Amino acid sequence: GIQVEQSPPDLILQEGANSTLRCNFSDSVNNLQWFHQNPWGQLINLFYIPSGTKQNGRLSATTVATERYSLLYISSSQTTDSGVYFCAVEGDSGGSNYKLTFGKGTLLTVNP
Amino acid sequence: NAGVTQTPKFRILKIGQSMTLQCTQDMNHNYMYWYRQDPGMGLKLIYYSVGAGITDKGEVPNGYNVSRSTTEDFPLRLELAAPSQTSVYFCASSGQGIANYGYTFGSGTRLTVV
């Protein structure tokens with residue numbers, strides 16, 4: 001099956017700093033999503049982005065499908081950005097049931 | 001609009017007991033999923049459903065069963081609980097159409113098997 005690798009595994013920032021999280025995947029995809037899991041365990045969908053660039057406030061994401069990677073940018077980080085960021089993909093094997101394969105995540109800690 | 005509702009939030013089971021994790025969504029989504037999350041790991045797909053009456057296995061289905069009698073409900077059944085099933089379980093749903101592909105997750109069920 002498709003492999004998903006996220007880097008870095010851990011990241012510690014001071015409030016106000018910017019960061020870039022990376023997601024590499026092993027095959028072509030027709031579905032890629034970024035999620036944030038807050039310290040209380042809730043999973044929130046940030047972006048559906050199988051290709052191209054999207055922005056939502058301080059967060060933006062870019063997927064370069066031909067080179068099999070996606071980047072999540074966090075600008076002017078806040079303590080509420082702390083948590084685990086997951087990249088998840090569905091391989092483009094024909095048809096789609098929107099089943100996602102998750103990476104192991106990047107644990108982000110933002111200190112005040 | 002409640003989204004995806006999971007019950008219970010916490011449960012402790014003894015080895016060999018059975019239980020059902022409940023999942024309900026009110027967004028009229030066709031697609032529903034059950035994932036488990038082990039410490040330090042990403043989520044792994046247990047079962048999924050593309051509509052009422054249709055279910056299929058994911059990556060780690062052994063020890064679990066599901067049913068989908070209505071669009072809204074997608075319960076997960078654990079038979080003969082084992083310590084390896086200690087995990088956090090998440091239910092999710094997604095719709096059709098590009099505006100609805102993003103997953104909506106429930107708040108999770110933390111299960112401990114002792």
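Below, chains carry the letters A, B, ... as their sequence lines are ordered, and counting in each starts from 1. Since the structure is predicted, the reported quantities are computational estimates derived from the model, not experimental observations.
- Counting non-hydrogen atoms of other residues, nucleotides and ligands closer than 6.0 Å to CD1 of Ile54(B) gives a total above 12.
- Using a 4.5 Å cut-off between heavy atoms, Phe35(A) contacts chain B through its side chain alone, with no backbone atom that close.
- There is no path of hydrophobic side-chain contacts, each under 4.5 Å, that joins Val29(A) to Phe86(A).
- Few gaps surround CD on Gln55(A); more than 12 heavy atoms of other groups in view lie less than 6.0 Å from it.
- Interatomic distance, Gln33(A) CD to Ser94(B) OG, rounded to the nearest 0.5 Å: 7.5 Å.
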Using the rule given for side chain to side chain contact (heavy atoms under 4.5 Å, CB included), can you reason through Thr101(A) versus Leu45(B), listing the C-alpha separation, both sets of side-chain angles and the distance that settles it, and then say yes or no?
CA-CA 8 Å; Thr101(A) 297; Leu45(B) 182 64; over 6 Å; no
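- Under a cut-off of 6.0 angstrom, the local environment of CZ in Arg110(B) is sparse, with at most 12 non-hydrogen atoms contributed by other residues, nucleotides or ligands.
- Put simply, Leu107(A) and Phe102(A) are part of the same group of oily side chains (I, L, V, M, F, W, Y) that touch within less than 4.5 Å, one to the next.
- At a threshold of 4.5 Å between side-chain heavy atoms, the hydrophobic network of Ile, Leu, Val, Met, Phe, Trp and Tyr places Trp34(A) and Ile74(A) in one connected group.
- Cluster annotation: Leu13(B) is connected to Ile15(B) through the hydrophobic network of ILVMFWY side chains, with a link wherever side-chain heavy atoms come within less than 4.5 Å.
- Linking Ile, Leu, Val, Met, Phe, Trp and Tyr residues whenever their side-chain heavy atoms come within less than 4.5 Å leaves Leu108(A) and Leu71(A) in two separate clusters.
- Thr104(B) contributes atom OG1, which lies 11.0 Å from atom CG of Leu43(A) (distance to the nearest 0.5 angstrom).
- Summarising the geometry of Gln37(A) relative to Phe90(B), their closest heavy-atom pair is NE2-CZ, 3.6 Å, with the distance given to 0.1 Å.
- Applying a 4.5 Å heavy-atom cutoff, none of the residues of residues 57-67 of chain B approach chain A.
- Taking both residues in full, the closest heavy atoms of Gln42(A) and Phe105(B) are given as NE2-O, 3.6 Å, listed atom of the first, atom of the second, then distance.
- The shortest heavy-atom contact between Tyr103(B) and Leu100(A) is OH-N, 3.4 Å.
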